[in-house]
Number of protein chains: 2
Amino acid sequence: MTLYMIGLGLWDEKDISVKGLEAVRRCDKLFFEAYTSKLGVSVDKLEGFYGKRIIVADRSMVETQTNKILSPAKNSNVAFLVVGDVFSATTHVDLYLRAKKEGVDVIVINNASILNSIGVVGLELYKYGRTTSIPFHNKHVITPYDVVKQNKAQKLHTLLLLDIDAEHNSYMTIREAIEYLLGVEDKRKEGVFTRATRCVGVARLGSENPEIIYGTADELLQLDFGEPLHTLIIPSELHFIEEEALNQWRADKRKIRGES
Amino acid sequence: MTLYMIGLGLWDEKDISVKGLEAVRRCDKLFFEAYTSKLGVSVDKLEGFYGKRIIVADRSMVETQTNKILSPAKNSNVAFLVVGDVFSATTHVDLYLRAKKEGVDVIVINNASILNSIGVVGLELYKYGRTTSIPFHNKHVITPYDVVKQNKAQKLHTLLLLDIDAEHNSYMTIREAIEYLLGVEDKRKEGVFTRATRCVGVARLGSENPEIIYGTADELLQLDFGEPLHTLIIPSELHFIEEEALNQWRADKRKIRGES
């Protein structure tokens, strides 16, 4: 039978595609990968909408107990549900390859991910350089700083994804990301990311009320972006339409929502 | 009322999200932007599925006669349908900004685009550098060659989008893209793209039978990838999982489908 690898999009139960929903309805077992990202709604909400039970798959099931997913896919239709799009994480490529190796048919049903949905901010998607992520345990990590530096040298924007620890319900905030980058700047002193660096904080992208704020690192540090997920963009040189787009999100046009 | 900007995904009428479909059903007028990309199905198919008429919007309507779209959105719900995701083209950011300036509410409903769906090939999405595109009129164009060169220097993969001229039903093929790059190489002689360069040709991504083939430029030149859209990837250094993933698409494992 078939393993359907289905992207759920970014926010709620209705972001799945019509094709994805039809596939879910054909499946006997649904696995939900819930450790590399996070929807804005609970598993209950998905179950209610699908009219089916969901098995939440943690990292060990997906990476080391792959057979729990692949064995049933040999005799029945199985869905592997992923927040955003299907191949955002390398481990999903691995699952795909194993399935094919074991003779399981695989059908991929794509969806929006942060990599394209970020387009709403107004920076041209083709002017982003390499994407990077900031891990929680980052005391000795400098990669994100160097990626921003390299991208800037090529006049490219940088999208920074912020770490999540779903097991402990912990999600890196924009403030933590900025503090981390300022910390690296303190050591490196190359002027790649200072308190005056303009950046864009984005929270809950794909929801009905995403928060998008453009300002200096210093301004963004004073804001509470609220519920996860958070993302940070460091723009490089701007085309005039990009500049006009960013100005609609200017920090000084917005009320500061929190003090914490 | 509201302007719904809705991504349709990559292939057929069922790639729209459930949320997108619900929005379409609430709309009095549907505009379909059909000049920057192409679905695998006809407008008739979309109309049949939605149960509504669609107005096909060409470049001049979207870029210079914006009021044809924004005026009705002031008193009724209007959908602006885009192949792939909403903000793949700069002109859509412009439409978004104008709508907001004129006091029209805008709701964005995202979907898959080539930028994330390409993940199925097996190259890590975070290891792509800047994306570039090859235009039809490219006699004096060298940007794509330089982008590949810069990305390679940073050990990053390159996604090359190939031009389309929807008005004349003309879509650049993988062969034309390779011939173009070899032509620039002939002049520049920097060894960035030779007949021995390994690349991945991808056709009809998002459909049930996409064609994905990994081989040298020389091998890919001999293949007929069939119907549009075509895309070309030039991988840089490979992680071992990436290598394993690419090997499943090796040209020498596949039958050559055409001679033309």
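Every chain is numbered from 1, with letters handed out A, B, ... down the list of sequences. When reading the values below, keep in mind they use all heavy atoms of this one structure, side chains included, and skip hydrogens, waters and symmetry mates.
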Tell me which of these, B:K127, B:H239, B:E22, has more heavy-atom pairs under 4.5 Å with chain A than the rest.
B:E22
In A:T132, A:L161, A:L159, the residue satisfying side chain to side chain contact (heavy atoms under 4.5 Å, CB included) with B:Y126 is A:L161
Selection from B:L10, B:D94, B:D12 maximising heavy-atom pairs under 4.5 Å formed with chain A:
B:D12
In terms of heavy-atom contacts, B:N110 and A:S117 come closest through CG-OG, 3.4 Å
For the interface with chain A, which of B:V108, B:L156, B:I107 has the highest count of heavy-atom pairs at distances below 4.5 Å?
B:L156
For B:N111, does its backbone N or O pair with a side-chain atom of A:N116 as donor and acceptor, under 3.5 Å?
yes
To the nearest 0.5 Å, what is the distance between CD1 on A:I118 and CG on B:L115?
12.5 Å
Of the listed A:I241, A:L205, A:V86, A:D85, the one with the largest count of heavy-atom pairs under 4.5 Å with chain B is A:D85
Is the closest basic N to carboxylate O distance between B:K19 and A:E13 below 4.0 Å?
no
Report yes if the side chains of A:T131 and B:Y128 come closer than 4.5 Å at any heavy-atom pair, otherwise no.
no
Evaluate the side-chain proximity of A:V18 to B:S17: yes if any heavy-atom separation is below 4.5 Å, no if none is.
no
Around B:K155, counting heavy atoms of other residues, nucleotides and ligands shown, do more than 12 lie under 6.0 Å from its NZ?
no
Please identify, among B:V120, B:I109, B:V93, the residue contributing the most non-hydrogen atom pairs under 4.5 Å to chain A.
B:V120
Any heavy-atom pair between the side chains of A:Q154 and B:R130 that's under 4.5 Å?
no
Are B:L97 and A:Q248 packed together at the side-chain level, in the sense that at least one heavy-atom pair is separated by less than 4.5 angstrom?
yes
Highest number of heavy-atom pairs under 4.5 Å with chain B among A:S133, A:A245, A:G129 belongs to A:A245
For B:I114, which atoms come within 4.5 Å of any heavy atom of chain A: side chain, backbone, both, or neither?
neither
Answer whether the closest heavy-atom distance between the side chains of B:V121 and A:F87 falls below 4.5 Å.
no
Do B:R98 and A:E244 pass the salt bridge (Lys or Arg N to Asp or Glu O under 4.0 Å) test, and can you show the C-alpha distance, the side-chain angles, and the key distance before you say yes or no?
CA-CA 11 Å; B:R98 281 184 192 218; A:E244 189 185 341; over 6 Å; no
